[in-house]
Amino acid sequence: TNASTITKNLDYNIWLIFTKVSTKSPLTVKFENLLYSLLNVSSVLLNFNIIVDEKSKSIALLKLTEIMVKANKSMNYKFYDVQDCARKITDIYDAMMPFFSSKPGTYYSDALFYISLGLYRVAPIKQKRAILLDCDLYFKKDVALLFEEFQWFKSTAFFGLAPELTPVYKHILHMYKRKHKTTFGEFYHQRPLSPSSPNHPKGFQGYNSGVVLVDFEKQRNSTEFSKIITKESVINMTEKYKFRGHLGDQDFYTLLGYEYPELIQTLNCGFNRQLCTWWRDHGYREIFDYYFKCDHPIVVLHGNCNTRIPMD
Ligand code: UDP
Ligand code: MN
């Protein structure tokens with residue numbers, strides 16, 4: 001095999017979590033809009049892997065069938081049971097939940113906020129890499145563009161993530177930043193603050209996990225990765241930064257960005273253009289727009305915190 005056949009054989013695996021819905025749930029509408037946008041503008045055959053409970057599965061099946069007719073395109077899909085998935089990441093959940101969950105709900109539903117970190121254990125071994133997407137996304141351009149980002153991964157990167165576009169991590173680092181001069185938590189459109197911050201010298205807003213590129217093969221072959229997701233490792237990092245979050249896996253990715261930047265490939269904001277403006281009205285009006293600004297061509301819109309996505 002040569003390089004070009006490898007590229008062509010790349011299968012386009014997309015993972016979605018679709019649980020706790022009814023026919024009339026807002027999430028069902030988001031799911032339909034996302035799937036339709038994906039299919040409608042995709043130049044490649046997509047393999048969907050959808051994590052569901054019994055009821056969500058029957059709704060998803062119905063919608064998938066409708067969408068294939070409406071878009072006049074086909075796709076592959078496979079379902080995974082939410083409880084099986086949660087069981088496979090018990091250790092990860094136990095390590096992270098005390099620091100990154102706001103109000104742990106039922107075990108199975110809360111554990112899913114950490115699934116991206118253990119998806120390599122759930123995915124069929126033939127999947128070498130995949131993209132995990134939130135359901136509150138809308139594709140403006142071909143998802144193949146997102147898969148192309150894998151080719152720019154540095155050799156050490158397990159994950160690809162776009163920046164968080166609010167000051168939430170400036171807020172969370174409040175205590176730490178009183179004692180330490182650092183660009184962490186600062187927006188990246190400004191001048192370097194400190195030559196003593198070699199990682200992310202221009203400011204680092206943290207990561208958003210609505211779009212996560214994952215290299216399963218590297219994770220499976222790594223001895224380092226299993227150490228990083230242990231309770232001990234999480235305790236060390238959260239203690240160092242006095243870090244108490246509430247956003248699940250993305251809090252952990254942001255900490256990795258501080259301590260192990262080589263493990264993450266930073267995508268540009270156009271690959272996850274978040275729309276939530278909650279922090280603008282909660283103490284950060286003066287600086288919010290510096291974080292929110294995104295000058296890259298928009299591939300994916302993210303209607304996070306239930307923000308309506310403009311669909312022109
Ligand atoms: N999700 C789900 N059922 C729920 C809530 C969330 O399946 O009841 C999944 C869904 O894939 C959703 C993701 O969890 O996109 C993350 O939640 P959301 O996008 O609402 O969080 P936000 O981006 O606003 O932080
Ligand atoms: Mn979301």
Side-chain angles (χ1 to χ4, degrees), residues 14-35 37-38 48-61 63-64 77 79-86 89 93 96 100-119 122 130-139 146 161-169 171-172 205-212 214 245-254 267 269 271-280 282 291-292 299-309:
I14 295 180
W15 286 77
L16 300 170
I17 301 167
F18 186 61
T19 58
K20 293 185 289 174
V21 297
S22 65
T23 325
K24 291 189 180 129
S25 303
L27 193 58
T28 301
V29 180
K30 291 174 188 176
F31 178 81
E32 286 183 81
N33 291 338
L34 167 61
L35 266 287
S37 74
L38 270 166
F48 285 97
N49 301 264
I50 311 176
I51 299 174
V52 288
D53 51 48
E54 276 307 313
K55 187 169 178 204
S56 307
K57 180 178 173 178
S58 55
I59 295 173
L61 257 175
K63 296 302 174 190
L64 289 178
Y77 54 85
F79 293 103
Y80 299 79
D81 177 66
V82 62
Q83 302 202 10
D84 293 340
C85 296
I89 60 158
Y93 179 66
M96 311 221 172
F100 311 135
S101 287
S102 55
K103 34 177 181 333
T106 60
Y107 165 69
Y108 287 127
S109 62
D110 195 49
L112 286 184
F113 289 118
Y114 302 91
I115 193 75
S116 67
L117 291 159
L119 208 52
V122 176
I131 300 180
L132 174 65
L133 300 175
D134 270 8
C135 287
D136 58 344
L137 300 173
Y138 189 83
F139 276 73
L146 199 47
L161 294 134
E164 165 66 32
L165 299 182
T166 76
V168 61
Y169 294 111
H171 187 80
I172 289 175
Q205 304 179 183
Y207 291 114
N208 181 279
S209 62
V211 173
V212 187
V214 202
H246 61 282
L247 295 172
D249 58 357
Q250 81 164 52
D251 290 332
F252 183 72
Y253 291 123
T254 296
L267 310 177
C269 56
F271 288 109
N272 177 0
R273 202 309 168 219
Q274 298 122 246
L275 299 171
C276 178
T277 57
W278 190 88
W279 288 96
R280 180 185 277 152
H282 293 83
Y291 287 81
F292 198 59
V299 177
V300 193
L301 289 169
H302 185 181
N304 55 336
C305 78
N306 293 316
T307 308
R308 202 170 51 83
I309 301 178

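Atoms within a ligand are numbered from 1 in the order they appear, just like the ligands themselves.
- For ligand 1, one of its N or O atoms has an N or O atom of Asp134 under 3.5 Å away.
- There is no protein heavy atom less than 4.0 angstrom from atom 25 (O) of ligand 1.
- Taking the side chain as every heavy atom from C-beta outward, Leu267 and Asn272 never approach each other to under 4.5 Å.
- Expressed to the nearest 10°, the angle at the Mn ion (ligand 2) joining OD2 in Asp134 with NE2 in His302 is 100°.
- Where the criterion is an N or O separation shorter than 3.5 Å, residue side chain and backbone included, Thr19 meets it with respect to ligand 1.
- Here's the thing with Leu133: none of its N/O atoms is less than 3.5 angstrom from an N/O atom of ligand 1.
- No part of Leu16 comes within 4.0 Å of ligand 1, judged by heavy-atom distances.
- In terms of protein heavy-atom proximity, atom 11 (O) of ligand 1 is nearest to Ile17 O, 2.6 Å.
- Below 30°, between 30° and 60°, or above 60°: for Phe31 and Phe18 the angle between ring planes is below 30°, a parallel geometry.
- Protein heavy atom at the shortest distance from atom 14 (O) of ligand 1 is Phe113 CE2, 4.3 Å.
- A donor-acceptor contact shorter than 3.5 Å links the side chain of Thr254 to the backbone of Gln250.
- Protein heavy atom nearest atom 18 (P) of ligand 1, with residue, atom name and distance: Asp136 OD2, 3.9 Å.
- In summary, the atoms of ligand 1 found under 4.0 Å from a heavy atom of Asn304, numbered by their order in the structure, are 22 (P), 23 (O), 24 (O).
- Geometrically, ligand 1 and Leu27 share no nitrogen or oxygen pair separated by less than 3.5 Å.
- Interatomic distance, OG of Ser25 versus CD1 of Ile59, reported as 6.5 Å (0.5 Å rounding).
- Between the Thr28 side chain and the Ser22 main chain, a donor and an acceptor come within less than 3.5 Å of each other.
- Between Trp279 and Phe292, the distance separating the two ring centers is not shorter than 6.0 angstrom.
- Listed by atom number, the atoms of ligand 1 under 4.0 Å from Phe18 heavy atoms are 7 (O).
- When atom types are taken as modelled, the side chain of Glu164 and the backbone of Gln205 share no donor-acceptor pair closer than 3.5 angstrom.
- Rounded to the nearest 0.5 Å, atoms CD1 (Ile131) and CG (Leu146) are 4.0 Å apart.
- For atom 15 (O) of ligand 1, the closest non-hydrogen atom on the protein side is Cys135 N, 2.8 Å.
- Using a distance-only test at 3.5 Å, with no hydrogens or angles considered, a donor-acceptor pair links the side chain of Asp53 to the main chain of Ser56.
- Here's the thing with Cys305: one of its N/O atoms is less than 3.5 angstrom from an N/O atom of ligand 1.
- In summary, the atoms of ligand 1 found under 4.0 Å from a heavy atom of Lys20, numbered by their order in the structure, are 8 (O).
- With Asn208 contributing its side chain and Gly210 its backbone, the two residues share a donor-acceptor pair below 3.5 Å.
- Under the 4.0 angstrom criterion for non-hydrogen atoms, His302 is in contact with ligand 1.
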